[in-house]
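Below is one structure; the comments refer to it alone.
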Amino acid sequence: MRPFSSRAAQPTPAERVRSILAAARSMTVLSDGVSTEVHHLDGTGVMGHIHLHEPSETPPAPSAVRIPIRLELTDIAPTPVRDRLRARVTLTGLLAAPYDARSTESTCVEFGQAVLEDATGRTFVSLDALQETTLDPLATCESGMLTHLLDGHGELVPLLLRLVRPQPRRGLLRAVPVALDRYGVTLRLEYPDGYEDVRLPFAAPVTDIDQAGPRIHALLTAARRASHPNHLPA
């Protein structure tokens with residue numbers, strides 16, 4: 001049995017930000033004293049609505065318009081777990097014209113900073129890191145795949161417990177898949193007094209969406225071969 005390791009491969013902060021931007025269905029935009037909820041990101045993500053570019057090295061002309069803009073996004077677990085908020089992403093920058101949420105063209109934003117906030121703390125991500133990071137092939141389909149696993153094959157989820165080590169003294173209530181990325185699956189183990197997330201790493205990172213199914217089946221095969229299963233309470 002491959003034991004759980006807290007140091008298992010997982011997405012970098014830049015990869016997580018890229019995935020959140022790509023999968024987002026909505027965002028909050030604050031600019032020029034106005035807060036706007038944008039809900040027409042389906043199919044395009046934030047990067048289909050916003051174009052980020054490096055700050056110009058040339059000082060702007062005195063008459064140039066420079067309007068601060070702040071984009072706020074939340075990453076919510078698609079499965080019904082405790083504390084569904086997985087992360088927050090904040091992007092700040094400058095505009096050369098007032099923000100127009102109704103525009104059908106991409107809004108050009110001079111990059112200021114990107115911040116990822118999650119259970120591990122706050123991480124700043126550079127524009128170079130975002131641009132150099134390859135988008136996770138599972139980013140935009142993670143929600144559908146996780147809900148399908150839970151709703152269509154829920155009986156397989158307890159099987160994955162054979163690959164982790166619940167804390168028996170805390171009294172495990174249930175295990176629910178809370179995240180899926182190119183590196184593996186994350187299970188949320190819920191106890192009466194809280195929860196913990198554990199990683200089930202794939203043998204190799206997914207580079208194409210078609211590899212996701214075989215990777216998950218490989219985890220299930222490994223779980224079936226495990227000799228000391230950890231059962232959920234009846």
Side-chain angles (χ1 to χ4, degrees), residues 4-30 37-38 41 45-47 49-50 52 69-93 109 111-147 149-150 157 160 163-167 170 174-191 193-202 205-206 212:
F4 162 69
S5 169
S6 61
R7 292 174 294 193
Q10 53 190 311
T12 65
E15 286 177 308
R16 291 199 64 197
V17 171
R18 277 292 307 273
S19 291
I20 292 171
L21 295 180
R25 295 179 178 274
S26 64
M27 65 179 174
T28 301
V29 179
L30 297 95
E37 296 295 327
V38 181
L41 298 178
V46 175
M47 303 312 284
H49 184 78
I50 298 290
L52 299 173
I69 186 172
R70 177 186 178 98
L71 314 179
E72 298 178 346
L73 302 100
T74 54
D75 177 29
I76 305 296
T79 49
V81 294
R82 296 179 187 171
D83 190 9
R84 294 181 64 187
L85 177 61
R86 299 189 298 192
R88 298 182 190 274
V89 169
T90 303
L91 291 174
T92 60
V109 177
F111 183 81
Q113 67 178 19
V115 182
L116 171 70
E117 296 178 88
D118 59 14
T120 66
R122 177 182 295 181
T123 305
F124 291 86
V125 178
S126 69
L127 181 58
D128 284 344
L130 288 177
Q131 293 176 335
E132 293 170 1
T133 297
T134 302
L135 179 63
D136 189 323
L138 306 186
T140 58
C141 56
E142 178 205 19
S143 177
M145 294 182 71
L146 279 183
T147 53
L149 174 61
L150 187 61
V157 176
L160 293 174
L163 299 177
V164 303
R165 297 170 181 171
Q167 301 176 36
R170 295 179 64 183
R174 66 171 186 163
V176 183
V178 70
L180 172 66
D181 54 66
R182 71 193 321 164
Y183 300 103
V185 178
T186 299
L187 283 184
R188 176 155 294 176
L189 308 185
E190 297 186 349
Y191 302 95
D193 61 348
Y195 64 84
E196 67 173 324
D197 290 345
V198 293
R199 294 279 298 175
L200 300 179
F202 294 143
V206 170

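Keep in mind that what you see is a predicted model, and the values were worked out from it rather than measured. Atom set for the values below is all heavy atoms of this structure, side chains included, hydrogens, waters and symmetry mates excluded. All residue numbers in this chain count up from 1 along the given sequence.
Looking at every heavy atom in both residues, Leu130 comes nearest to Ala114 through CD1-CB, 4.3 Å. When all heavy atoms are compared, the tightest approach of Val46 to Ala24 is CG2-CB, 4.0 Å. Across Leu138 and Ala212, no two heavy atoms sit closer than the pair CD2-CB, 3.7 Å. Scanning both residues, Asp83 and Arg188, for their nearest heavy atoms gives O-NH1, 2.9 Å. For the residue pair Thr140 and Ala22, the shortest heavy atom distance occurs at CG2-O, 3.8 Å.
Residues Val176 and Val157 have side chains not in contact (no heavy-atom distance under 4.5 Å, counting atoms from C-beta outward). In this structure, Leu189 and Arg170 have side chains that are not in contact, with every pair of non-hydrogen atoms separated by 4.5 Å or more. For the pair Arg182/Phe202, no side-chain contact is recorded, criterion being any heavy-atom separation below 4.5 Å from C-beta on. Proximity of Val125 to Arg18: side-chain heavy atoms (C-beta onward) are nowhere separated by under 4.5 Å. Using a 4.5 Å heavy-atom threshold, the side chains of Leu21 and Leu91 count as touching. Counting only heavy atoms from C-beta outward, the side chains of Pro80 and Leu150 approach each other to under 4.5 Å. Val89 places none of its side-chain heavy atoms less than 4.5 Å from the side chain of Asp75.
Cation-pi geometry between Arg82 and Tyr195 is not satisfied (NZ or CZ under 6.0 Å from the ring centre, within 45° of the ring normal).
For the atom pair CG of Leu187 and CD of Glu196, the computed distance is 10.5 Å after rounding to the nearest 0.5 Å. Atom-to-atom distance recorded for Leu116:CG and Phe124:CZ is 11.0 Å, nearest 0.5 angstrom. Remark: Gln113 CD to Thr90 OG1 distance equals 8.5 Å, nearest 0.5 Å.
Using modelled atom types, no side-chain atom of Ser143 and backbone atom of Pro78 make a donor-acceptor pair closer than 3.5 Å.
For the side chain to side chain contact (heavy atoms under 4.5 Å, CB included) test, residues two or more places apart in sequence or in another chain that qualify with Pro11 are Glu15, Arg16, Asp181, Tyr183, Arg199.
By the 4.0 Å N-to-carboxylate-O rule, Arg174 lies close enough to Glu190 to be salt-bridged with it.
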Working for side-chain contact (heavy atoms from CB on, under 4.5 Å), residues Leu85 and Ile76: CA-CA 5 Å; Leu85 177 61; Ile76 305 296; 3.8 Å; yes
Chi angles and distances behind the side-chain contact (heavy atoms from CB on, under 4.5 Å) call for Leu52, Met47: CA-CA 8 Å; Leu52 299 173; Met47 303 312 284; 3.9 Å; yes
Test log, rule side-chain contact (heavy atoms from CB on, under 4.5 Å), inputs Leu71 and Val38: CA-CA 10 Å; Leu71 314 179; Val38 181; over 6 Å; no
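For Arg84, the CZ atom sits in a packed shell: over 12 heavy atoms of surrounding residues, nucleotides or ligands are nearer than 6.0 Å.
The salt bridge (Lys or Arg N to Asp or Glu O under 4.0 Å) analysis of residues 134-146, with sequence neighbours excluded, yields the pairs Arg86-Glu142.
Of the residues listed (Leu160, Val81, Leu146), the one engaging Pro177 in a side-chain contact (heavy atoms from CB on, under 4.5 Å) is Leu146, and it is the only one.
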